[in-house]
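See below for the structure under consideration.
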Amino acid sequence: MDLQWIWKSALLVVIGMILLRAAGRKSISQMSVVTTVIMISIGTTIVQPIANHHLSIAIGSASVFIVTLFVIEYLEMKFDWLERLLNGRAQVVIENGQFLPESMRKMRVTADKLEMQLRQQGIRSLSDVQLGTLESNGQLACELVPHARPVTLGDLELLLAKHLPLQADQDPLFQEVRIGRHAKPDFPELQ
């Protein structure tokens, strides 16, 4: 019985992983339409040599697919119209807490799917969304109304500065590292 298919299969998996890693994609949700088609083509191509005994052709084909992906991505960076043609653009689907039915129809997305993505982002109410865009990768990006935005460190500092006079640390821990010794002895009796 011919067992060459075992090492050929292992080699194709390793080469496929190297080529897909070279393509630089982390997950299917981050892939463009072109990338998805190429990745499916690579998967199909990698399986064929086991049955047809054409290992070098499979590796060559998968390499051509990856080079094609690089060329298309380069052209997308150079020509905005090509990127728009192949990937599309973000579309506003929520404005001032209201769904935009015309945009939703254009993007072929339902209110239930948008609500699901809002819940996944921890947004409790549609009225909390000032602007929501459906990105070309299918993800919903939201700008929240001011009262629904998370508090930042800057917000807290402004609030505290109004109510409490902030004083600089009298004895910062890292000062010892900067000057190479304690600024003042912690326990003078031990000196």
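Please read all numbers here as calculations on a predicted model, not as lab measurements. The first residue in the sequence is number 1, and the count goes up from there.
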Walk me through it: do Glu143 and Arg149 pass the test side-chain contact (heavy atoms from CB on, under 4.5 Å)? CA-CA 8 Å; Glu143 179 184 354; Arg149 291 182 187 145; 3.4 Å; yes
Can you find a pair of side-chain heavy atoms, one from Pro146 and one from Gln130, that are under 4.5 Å apart? yes
Less than 4.5 Å apart, side chain to side chain, heavy atoms only: is that true for Asp155 and Leu159? no
Taking only residues two or more places apart in sequence or in another chain, which ones pass salt bridge (charged side-chain N to carboxylate O under 4.0 Å, His left out) with Arg105? Glu102
Could you list who else is in Leu134's hydrophobic cluster, with ILVMFWY side chains joined at under 4.5 Å, directly or through other members? Val93, Ile94, Phe99, Met104, Met107, Val109, Leu114, Leu118, Ile123, Leu126, Val129, Leu140, Leu144
Indicate if Leu153 and Leu160 have the same hydrophobic cluster label, given that clusters are the connected sets of ILVMFWY residues with side-chain heavy-atom separations under 4.5 angstrom. no
Given a cutoff of under 4.5 Å between side-chain heavy atoms of I, L, V, M, F, W and Y, with clusters grown through shared members, what are the other residues clustered with Val151? Leu156
In this structure, would Val145 and Val92 fall into the same cluster of hydrophobic residues linked by side-chain contacts under 4.5 Å? no
Name all residues meeting the salt bridge (charged side-chain N to carboxylate O under 4.0 Å, His left out) criterion together with Asp80; count only those two or more places apart in sequence or in a different chain, and write none if there are none. Arg84, Arg89
Gap between atom NZ of Lys106 and atom CG of Leu100 - 0.5 Å precision: 12.0 Å
So the side chain to side chain donor-acceptor pair (under 3.5 Å) pairs with at least one residue in residues 107-125 (sequence neighbours excluded) are Ser125-Ser127
Not counting sequence neighbours, which residues clear salt bridge (charged side-chain N to carboxylate O under 4.0 Å, His left out) with Glu135? List them please. none
